Structure formats: structure tokens, C-alpha cells
Q: 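Here it is: the structure, laid out below.
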Protein chains: 2
Amino acid sequence: MRRKTWQRDAVRDELEQQSGFVSAQGLHATLVTQGTAIGLATVYRALADLASDGDADSLQSDDGETLYRACRTDSHHHHLICRQCGRTVEIEAAAVEKWARKVASDNSFTHEYHVIDIFGLCPDCAK
Amino acid sequence: MRRKTWQRDAVRDELEQQSGFVSAQGLHATLVTQGTAIGLATVYRALADLASDGDADSLQSDDGETLYRACRTDSHHHHLICRQCGRTVEIEAAAVEKWARKVASDNSFTHEYHVIDIFGLCPDCAK
DNA sequence: CGTGCTAATGATAATCGTTGTCAAAAGTAA
DNA sequence: TTACTTTTGACAACGATTATCATTAGCACG
Ligand SMILES: [Zn+2]
Ligand SMILES: [Zn+2]
Ligand SMILES: [Zn+2]
Ligand SMILES: [Zn+2]
């Protein structure tokens with residue numbers, strides 16, 4: 001039984017405020033700057049819980065950070081991410097899902113899953 | 001000017017021996033076990049160089065390790081990877097490349113690039 | 001072949017994101 | 001309230017990777 005704490009709510013609320021993927025450290029810094037006294041370890045734990053509960057998506061950045069985002073939809077989807085500002089657009093494409101499954105089965109691989117992220121520069125960041 | 005050393009050759013040769021993605025630490029352990037006295041930092045450097053020269057592909061594992069593979073083709077491609085043994089199949093799919101570019105341009109994102117990896121269990125590992 | 005210059009090596013320390021520890025604080029049910 | 005447990009948070013510990021830096025060794029060039 002997971003207990004309700006203001007810390008978890010604060011993390012979830014702030015994550016939903018963000019327009020793109022953010023790191024645990026970044027979110028913690030934001031909260032502290034806003035005057036919310038919360039421990040870094042607590043933010044790490046809250047984000048990990050959100051991700052494992054399916055309430056947040058996560059991905060690994062190039063420099064080895066885990067980034068999180070509260071997505072608008074519960075269904076499986078992918079992301080188009082600005083590599084500059086992190087701004088993110090959710091992408092759904094049944095054709096690509098089908099392709100991935102076919103590639104796996106064509107090679108007799110089972111229990112398929114995939115990592116598909118598209119990066120670029122958003123209009124704003126392209127100046 | 002990059003100088004030729006037996007260490008770099010040893011790393012490249014051993015990487016080409018592998019059937020899938022391997023970590024720097026794993027490759028170093030393999031070399032040392034084979035009696036090749038080589039420093040860990042040197043293996044890290046050699047792999048990073050191979051990747052930046054386009055002679056090896058790299059990806060981030062779930063647990064935050066950078067994995068490397070000497071690929072058979074120089075052209076852009078993706079991978080179907082066994083999450084158990086690391087065995088890897090190279091995948092080319094022009095349709096997916098086109099899709100990724102279209103997703104980016106539809107949203108006015110420029111300088112598109114993508115991360116597309118398919119994971120599963122290979123026939124051997126599925127028992 | 002030496003000689004000189006400089007890149008490469010490797011043992012080790014340092015870095016950095018993340019997780020483990022554990023005593024204190026707080027949610028929850030009765 | 002009380003009793004029971006989960007959660008928190010300061011801080012230590014971890015693990016992959018990178019920085020240091022003295023030593024070694026490519027690689028011209030004479
Ligand atoms: Zn942007
Ligand atoms: Zn998908
Ligand atoms: Zn396998
Ligand atoms: Zn591609």
C-alpha cells in the first residue's frame with residue numbers, strides 16, 4: 001500500500017508542469033528554487049515510482065542521465081524531442097509498431113520491445 | 001595524427017570477434033583473461049575513438065553502460081538485440097528512415113536524428 | 001640507426017549520477 | 001491517541017566513466 005505524501009504530489013505536479021523531459025536533479029533544483037524543501041533521494045524515488053507505475057515515461061540521455069516526462073496519454077507512444085530545450089511532442093505510429101514486431105519475428109526473436117526516439121531542433125531553438 | 005599502437009589493434013580485433021554489443025569493462029576483462037596486458041582506460045579510449053571514427057556503433061544499456069559493436073556495414077542501420085546474450089542482427093529499413101524524417105518535418109523540427117533499437121530474446125536464449 | 005618531439009599508455013584519483021543506509025518523521029487503520 | 005509501517009532525507013557508498021600525469025613508445029628527420 002503506497003502512502004500519500006506531499007512530496008510525491010509535488011514531484012508529480014512539477015513534472016506535469018514541464019514541457020519536456022527533465023532529470024531528477026533538474027526537477028529537484030527547480031523544486032528547491034521554488035522554496036519546496038524536498039530531499040534529492042526522495043525526488044529520485046518518486047520519479048522511479050511514477051515511471052514504474054506507468055505515469056511517466058523515461059529515457060536515457062546521451063550523457064547518461066535518466067530523463068522523465070509526464071505524458072498526456074497512457075497508451076504506447078514515442079517522442080520527438082528538441083535536443084536543445086527538451087521540448088517534446090508525442091508520436092503514435094502503428095506502422096512502426098508493426099514493423100518492429102515483424103523485424104523481431106522474422107528473426108525468430110520473441111518478447112520484442114523497442115526504443116524509438118526522434119531528436120531534432122524545435123522551431124524556437126532553430127532561431 | 002593518430003598513431004598506430006598494438007593496444008588499439010587489440011581492441012578493434014577483439015571487438016570484431018564479438019557477435020553482439022559489449023561494454024568497455026567486458027572487453028577489457030576478455031582481453032586480460034586472454035593474457036593481453038592492457039589498461040582499462042586505454043580500452044575506454046580506443047572504443048570511444050572507434051565510435052567517433054564511425055568504425056563502431058554504440059548504445060546505452062538499461063543499466064547505464066555504453067555498449068559497443070563493430071558493425072559489418074558502414075551505412076546507417078539499426079539493431080535487433082537479444083537482451084539476454086547481446087547477439088545482434090543488423091537492420092536496414094528505408095521506410096522507417098523516411099518516417100522519422102517526416103515526423104520531424106511535420107513538426108518543423110530540423111537536424112533530425114533518431115535512436116531506434118529493437119530488443120527481444122533470440123531463439124537460443126528463448127531455450 | 002640515434003634524436004627529438006609528442007601522442008599514447010596506464011595506474012590511480014577524481015567525477016557524477018544514482019542507490020543504499022538508517023534514524024527520525026509522518027501516513028493510516030483501529 | 002496508539003501501534004504499526006512506510007517514507008523521508010542527510011549522507012555514505014557505488015559503479016561507470018573521465019581526468020591526471022609521469023612514463024613509454026610511435027614517427028619523422030637527419
Ligand atoms: Zn527547443
Ligand atoms: Zn512503439
Ligand atoms: Zn540471446
Ligand atoms: Zn535510422
Side-chain angles (χ1 to χ4, degrees), chain A residues 1-15 18 20-53 55-69 81 83 86 115 117, chain B residues 1-15 18 20-53 55-69 81 83 86 115 117:
Chain A
M1 61 311 286
R2 178 157 290 165
R3 294 178 180 173
K4 177 173 164 59
T5 66
W6 66 261
Q7 286 95 334
R8 273 201 240 278
D9 287 342
V11 169
R12 161 173 270 140
D13 291 349
E14 183 54 40
L15 189 62
Q18 303 288 325
F21 281 85
V22 292
S23 67
Q25 309 223 24
L27 198 74
H28 176 251
T30 302
L31 287 169
V32 169
T33 300
Q34 292 176 356
T36 306
I38 186 173
L40 177 59
T42 302
V43 174
Y44 271 104
R45 281 186 290 240
L47 288 173
D49 285 349
L50 286 172
S52 75
D53 291 353
D55 293 326
D57 282 0
S58 66
L59 62 82
Q60 307 290 125
S61 77
D62 293 327
D63 52 1
E65 276 184 313
T66 301
L67 305 180
Y68 295 90
R69 179 162 194 269
I81 305 159
R83 68 155 164 280
V115 175
D117 298 304
Chain B
M1 60 309 284
R2 179 157 292 165
R3 293 176 181 175
K4 178 175 165 56
T5 65
W6 65 261
Q7 287 95 333
R8 273 201 240 279
D9 287 342
V11 169
R12 161 173 270 141
D13 291 349
E14 183 54 40
L15 189 63
Q18 303 289 326
F21 281 85
V22 292
S23 67
Q25 308 225 24
L27 198 73
H28 176 252
T30 302
L31 287 168
V32 170
T33 299
Q34 293 176 356
T36 307
I38 185 173
L40 176 58
T42 302
V43 174
Y44 271 103
R45 281 185 292 239
L47 287 172
D49 285 347
L50 286 171
S52 75
D53 291 353
D55 293 327
D57 282 0
S58 66
L59 62 83
Q60 307 290 124
S61 76
D62 294 325
D63 51 1
E65 276 184 312
T66 302
L67 305 180
Y68 297 90
R69 180 163 194 269
I81 305 159
R83 68 155 163 279
V115 175
D117 299 305

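Just so we're clear, the structure is a prediction, and the values are computed from it rather than from any experiment.
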Q: Is any side-chain heavy atom of A/Tyr68 closer than 4.5 Å to a side-chain heavy atom of A/Leu15?
A: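 In short, these two side chains touch, coming nearer than 4.5 Å.
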
Q: Checking all strands, does A/Ala46 fall into the base, sugar-phosphate, or nothing category for heavy-atom contacts under 4.0 angstrom?
A: nothing

Q: Send over the distance from A/Met1 CE to D/dC4 P, rounded to a whole Å.
A: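 A/Met1 atom CE is separated from D/dC4 atom P by 15 Å.
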
Q: When rounded to the nearest 0.5 angstrom, what distance separates OG1 in B/Thr33 from NE2 in B/His28?
A: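 Rounded to the nearest 0.5 Å, the OG1-NE2 separation comes to 9.5 Å.
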
Q: Just the rounded figure in Å: distance from C1' of C/dG10 to NE2 of B/His28.
A: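 Taking atom C1' of C/dG10 as the reference, NE2 of B/His28 is at 9 Å.
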
Q: Does C/dG10 have OP1 or OP2 under 4.0 Å away from a side-chain N or O of B/Gln7?
A: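 So the side-chain polar atoms of B/Gln7 do come within 4.0 Å of the phosphate oxygens OP1 or OP2 of C/dG10, strictly under.
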
Q: Grab the CD1-P distance between B/Ile38 and D/dA25 for me, whole Å please.
A: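 Between P of D/dA25 and CD1 of B/Ile38: 14 Å.
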
Q: Can you check the B/Leu31 CG to C/dG10 C1' distance for me, whole Å?
A: 14 Å

Q: Give the B/S/- string for nucleotides 12-19 of chain C, one per nucleotide from 5' to 3', where a protein heavy atom under 4.0 Å of the base yields B, of only the sugar-phosphate yields S, and otherwise -.
A: -----SBB

Q: Testing the 3.5 Å rule here: is there a donor-acceptor pair between the side chains of B/Gln25 and B/Glu65?
A: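 There is no such pair (donor and acceptor under 3.5 Å, judged by atom type) between the side chains of B/Gln25 and B/Glu65.
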
Q: Looking at side-chain heavy atoms only, is the closest gap between B/Gln60 and B/Thr66 below 4.5 Å?
A: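 In contact.
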
Q: Over how many whole Å does the gap from B/Asp49 atom CG to D/dT18 atom P extend?
A: 11 Å

Q: Would B/Leu59 and A/Val115 count as a side chain to side chain contact (heavy atoms under 4.5 Å, CB included) if you check the C-alpha gap in whole Å, the side-chain angles of each, and the deciding distance to 0.1 Å?
A: CA-CA 11 Å; B/Leu59 62 83; A/Val115 175; over 6 Å; no

Q: Where do N or O atoms of nucleotides 27-30 of chain D meet protein N or O atoms at under 3.5 Å, pair by pair?
A:
unit_1: D/dC27; atom_1: OP1; unit_2: B/Lys4; atom_2: N; d: 3.0

Q: Please indicate whether B/Arg12 has more than 12 foreign heavy atoms, meaning atoms of other residues, nucleotides or ligands, lying under 6.0 Å from its CZ.
A: no

Q: For a 4.5 angstrom cut-off between non-hydrogen side-chain atoms, does A/Val11 reach A/Ile38?
A: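 A side-chain contact exists here, since the closest heavy-atom pair is under 4.5 Å.
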
Q: Any donor-acceptor pair under 3.5 Å joining the side chain of A/Arg45 to the base of C/dG20?
A: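 Counting by modelled atom types and ignoring angles, no donor-acceptor contact under 3.5 Å is found here.
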
Q: Working note: A/Arg2 + A/Asp53, criterion side chain to side chain contact (heavy atoms under 4.5 Å, CB included); need CA distance, chi angles, decisive distance, verdict.
A: CA-CA 11 Å; A/Arg2 178 157 290 165; A/Asp53 291 353; 2.7 Å; yes

Q: Testing A/Leu40, A/Leu47, A/Leu67, A/Val32 for side-chain contact (heavy atoms from CB on, under 4.5 Å) with A/Leu27, which one passes?
A: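 So, applying the side-chain contact (heavy atoms from CB on, under 4.5 Å) to A/Leu27 and each of A/Leu40, A/Leu47, A/Leu67, A/Val32, only A/Leu47 qualifies.
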
Q: Dump the intermediate steps for side chain to side chain contact (heavy atoms under 4.5 Å, CB included) on B/Gln7 and B/Arg45, then the final yes or no.
A: CA-CA 10 Å; B/Gln7 287 95 333; B/Arg45 281 185 292 239; over 6 Å; no

Q: Looking at five pairs on each end of the helix from C/dG2-D/dC29 to C/dA30-D/dT1, what is the angle between the two axes, given to 10 degrees?
A: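 Rounded value for the end-axis angle: 40°.
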
Q: Show, in sequence, the C-alpha distance, side-chain angles and deciding distance for B/Arg83 and B/Asp62, and conclude whether the salt bridge (charged side-chain N to carboxylate O under 4.0 Å, His left out) test is met.
A: CA-CA 10 Å; B/Arg83 68 155 163 279; B/Asp62 294 325; over 6 Å; no

